[in-house]
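Accompanying notes for the structure given below.
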Amino acid sequence: MTESPEDLAVALDGVGYLADEGLATAGFLAMRLQRPLFCEGEPGTGKTALALALSSALDLPLVRLQCHEGIDAAQALYEWDFPRQLLHLRALEAAEGGRLDAETAERSLYTERFLLARPLLRALTTAPCVLLIDEIDRADDEFEAFLLELLDEYTVTIPEYGEIRAEVAPLVVLTSNRTREVHDALKRRCLYHWLEHPDLPREVRILRRRIPGVSEAMAGQVAEAVHRLRAMELLKPPGTAESLDWARALLALGRDELDAAAAARTLGAVLKYSEDLDRVRAKLDALFA
Ligand SMILES: Nc1ncnc2c1ncn2[C@@H]1O[C@H](COP(=O)(O)OP(=O)(O)OP(=O)(O)O)[C@@H](O)[C@H]1O
Ligand SMILES: [Mg+2]
């Protein structure tokens with residue numbers, strides 16, 4: 001079905017995600033070469049949305065792992081359901097009237113019914129699927145190292161249980177906001193794509209696509225204003241997420257035009273730092289002249 005980057009772009013467009021040629025090519029190659037796709041970029045440039053869109057466009061289940069500081073294998077891969085194992089033992093003891101063979105009892109504990117699959121294990125057993133490993137830069141080094149092995153072979157070994165191997169490789173999308181540099185060893189295993197903010201025509205198309213009620217003129221005004229804000233070197237330049245919020249806010253207020261007055265009332269949809277708000281407020285008239 002997806003025989004080329006262009007096919008993939010059309011499929012993504014079908015679910016409301018507009019990928020440029022570079023991103024469609026990276027996504028296509030990730031599928032073809034069965035390599036994880038490492039997406040880095042400013043906040044709100046569509047990294048997470050890409051994985052969601054791939055899952056819908058390719059009609060594959062989405063398995064999502066949200067990374068955070070201190071995330072470990074038990075949260076990401078699997079855990080044994082200790083309370084249920086204990087109950088099971090008690091039940092066995094009761095049933096056997098104390099004549100329980102220890103080895104048999106122990107073997108019965110490490111079976112699938114007591115295995116709590118976390119997202120990574122779920123992805124291996126669900127594949128084909130899209131596995132989103134979101135915001136890997138929030139996890140620490142050890143977790144990154146742990147991922148290497150898994151992404152190499154799509155296999156895990158659970159000491160008490162055995163090896164679990166994905167029948168087919170999941171389509172893996174890793175994202176990072178680059179709050180820290182991810183190690184070369186992980187990057188080497190992936191195809192890399194840096195997501196830029198969209199250019200003006202694409203941003204207009206995204207707005208039109210995602211927000212049914214927005215007019216061409218309003219989408220143009222919002223996109224242009226956001227592009228001007230991005231050129232101001234703010235603490236937090238607005239992403240596509242903020243463009244969308246801005247247009248939605250204007251619509252909710254019944255505005256069909258973005259001028260200095262409408263912008264002043266809705267700036268909180270686009271700027272999230274008081275320093276940025278102060279700087280932009282001081283220049284509003286010039287920005288909308
Ligand atoms: N190319 C695109 N086509 C359609 N919608 C897009 C596109 N890029 C971004 N969006 C929309 O912008 C919003 C923000 O995207 P998303 O949350 O994926 O950004 P992100 O890069 O993951 O940001 P963060 O780093 O903050 O997590 C979403 O509503 C998404 O649907
Ligand atoms: Mg995200």
Side-chain angles (χ1 to χ4, degrees), residues 5-28 30 36-58 62-69 71 119 130-139 171-182 190 192-214 216 218-220 222-223 225-227 229-230 234-252 269-273 276:
E6 293 72 30
D7 281 356
L8 181 60
V10 170
L12 289 170
D13 193 311
V15 296
Y17 189 92
L18 309 186
D20 61 15
E21 196 188 3
L23 183 55
T25 306
F28 172 75
L37 178 59
F38 186 86
C39 292
E40 222 168 31
E42 299 290 325
T45 43
K47 303 181 292 296
T48 303
L50 170 69
L52 273 54
L54 282 169
S55 144
S56 312
L58 304 170
L62 177 76
V63 180
R64 179 174 185 163
L65 176 68
Q66 175 63 52
C67 297
H68 54 80
E69 211 183 310
I71 189 172
V130 174
L131 168 60
L132 167 62
I133 303 178
D134 214 8
E135 306 187 352
I136 180 67
D137 50 333
R138 289 175 184 243
L171 174 55
V172 183
V173 178
L174 289 127
T175 82
S176 162
N177 277 342
R178 215 178 182 186
T179 54
R180 70 170 176 84
E181 209 55 60
V182 167
C190 304
Y192 179 82
H193 189 76
W194 174 261
L195 272 94
E196 295 281 358
H197 291 299
D199 60 17
L200 197 65
R202 180 176 304 278
E203 190 133 14
V204 173
R205 280 176 54 216
I206 293 174
L207 284 162
R208 296 274 282 155
R209 200 54 203 274
R210 311 281 318 196
I211 308 177
V214 82
E216 182 84 33
M218 165 81 95
V222 169
V226 164
H227 277 244
L229 293 179
R230 278 181 202 145
L234 299 167
L235 291 175
K236 164 74 179 71
T240 306
E242 283 73 27
S243 306
L244 290 165
D245 280 346
W246 204 1
R248 288 191 188 105
L250 292 162
L251 281 182
V270 214
L271 301 176
K272 309 293 165 83
Y273 283 88
D276 287 349

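The chain is numbered in sequence order, starting from 1. Numbering of ligands and ligand atoms starts at 1, following listing order.
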How long is the gap from [atom1] on [X] to [atom2] on [Y], to the nearest 0.5 Å?
| X | Y | atom1 | atom2 | answer |
| --- | --- | --- | --- | --- |
| Thr25 | Glu6 | OG1 | CD | 7.0 Å |
| Leu23 | Leu18 | CG | CG | 10.5 Å |
| Leu50 | Leu132 | CG | CG | 9.0 Å |
| Thr175 | Arg138 | OG1 | CZ | 9.0 Å |
| Trp246 | Met218 | CH2 | CE | 10.5 Å |

Discussion item. When you measure from the heavy atoms of Thr175 to every atom of ligand 1, does any distance fall below 4.0 Å?
Written reply: no
I need the nearest protein heavy-atom contact for [atom]: residue, atom name and distance, please.
| atom | answer |
| --- | --- |
| atom 4 (C) of ligand 1 | Gly16 O, 3.3 Å |
| atom 17 (O) of ligand 1 | Thr48 CB, 4.3 Å |
| atom 5 (N) of ligand 1 | Arg210 NH1, 3.3 Å |
| atom 21 (O) of ligand 1 | Lys47 NZ, 2.7 Å |

Would you say [X] and ligand 1 have an N/O pair spaced under 3.5 Å apart?
| X | result |
| --- | --- |
| Ala19 | no |
| Pro43 | no |
| Thr240 | no |

According to salt bridge (charged side-chain N to carboxylate O under 4.0 Å, His left out), who are the partners of [X], at least two apart in sequence or on a separate chain?
| X | value |
| --- | --- |
| Arg210 | none |
| Asp137 | none |
| Glu42 | none |

Discussion item. Using a strict cut-off of 2.8 Å, how many protein N/O/S atoms surround the Mg ion (ligand 2)?
Written reply: 1
Response to the item:
Paired with Pro198, the side chain to side chain contact (heavy atoms under 4.5 Å, CB included) test is passed by just one of Arg205, His227, Glu203, namely Glu203
Option whose closest heavy atom lies nearest to [atom], chosen from [options]:
| atom | options | result |
| --- | --- | --- |
| atom 18 (O) of ligand 1 | Gly41, Ala51, Ser243, Ala49 | Ala49 |
| atom 16 (P) of ligand 1 | Gly239, Gly46, Ala53 | Gly46 |
| atom 24 (P) of ligand 1 | Ser176, Gly44, Ala241 | Gly44 |
| atom 29 (O) of ligand 1 | Thr179, Leu132, Leu244 | Leu244 |

Worksheet item: Any side-chain heavy-atom pair from Ser243 and Ile206 closer than 4.5 angstrom?
Response: no
Any idea which part of [X] is under 4.0 Å from ligand 1, heavy-atom wise: side chain, backbone, both or neither?
| X | value |
| --- | --- |
| Asn177 | side chain |
| Arg209 | neither |
| Arg202 | neither |
| Ile206 | side chain |

Worksheet item: Going through the checks in order, is the side chain to side chain contact (heavy atoms under 4.5 Å, CB included) test met by Lys47 and Asn177?
Response: CA-CA 9 Å; Lys47 303 181 292 296; Asn177 277 342; 3.0 Å; yes
Worksheet item: Can you list the ligand 1 atoms lying under 4.0 Å from a non-hydrogen atom of Leu18?
Response: 1 (N), 2 (C), 3 (N), 4 (C)
Worksheet entry | Which of the ligand 1 atoms, numbered from 1, are nearer than 4.0 Å to a heavy atom of Glu135 | 27 (O)
Worksheet item: Is it true that Asp276 and Lys236 have a side-chain N and a carboxylate O under 4.0 angstrom from each other?
Response: no
Item to complete: Report, as yes or no, whether the 6.0 Å neighbourhood of atom CD on Glu69 holds more than 12 heavy atoms from other residues, nucleotides or ligands.
Response: no
Discussion item. I'd like to know whether Val226 forms a side chain to side chain contact (heavy atoms under 4.5 Å, CB included) with Thr240, so could you lay out the CA-CA distance, the side-chain angles of the two residues, the decisive distance to 0.1 Å, and finally the verdict.
Written reply: CA-CA 9 Å; Val226 164; Thr240 306; over 6 Å; no
Discussion item. Looking at Gly41, is its backbone amide N or carbonyl O close enough to the side chain of Arg178 to form a donor-acceptor pair, meaning the two atoms are under 3.5 Å apart?
Written reply: no
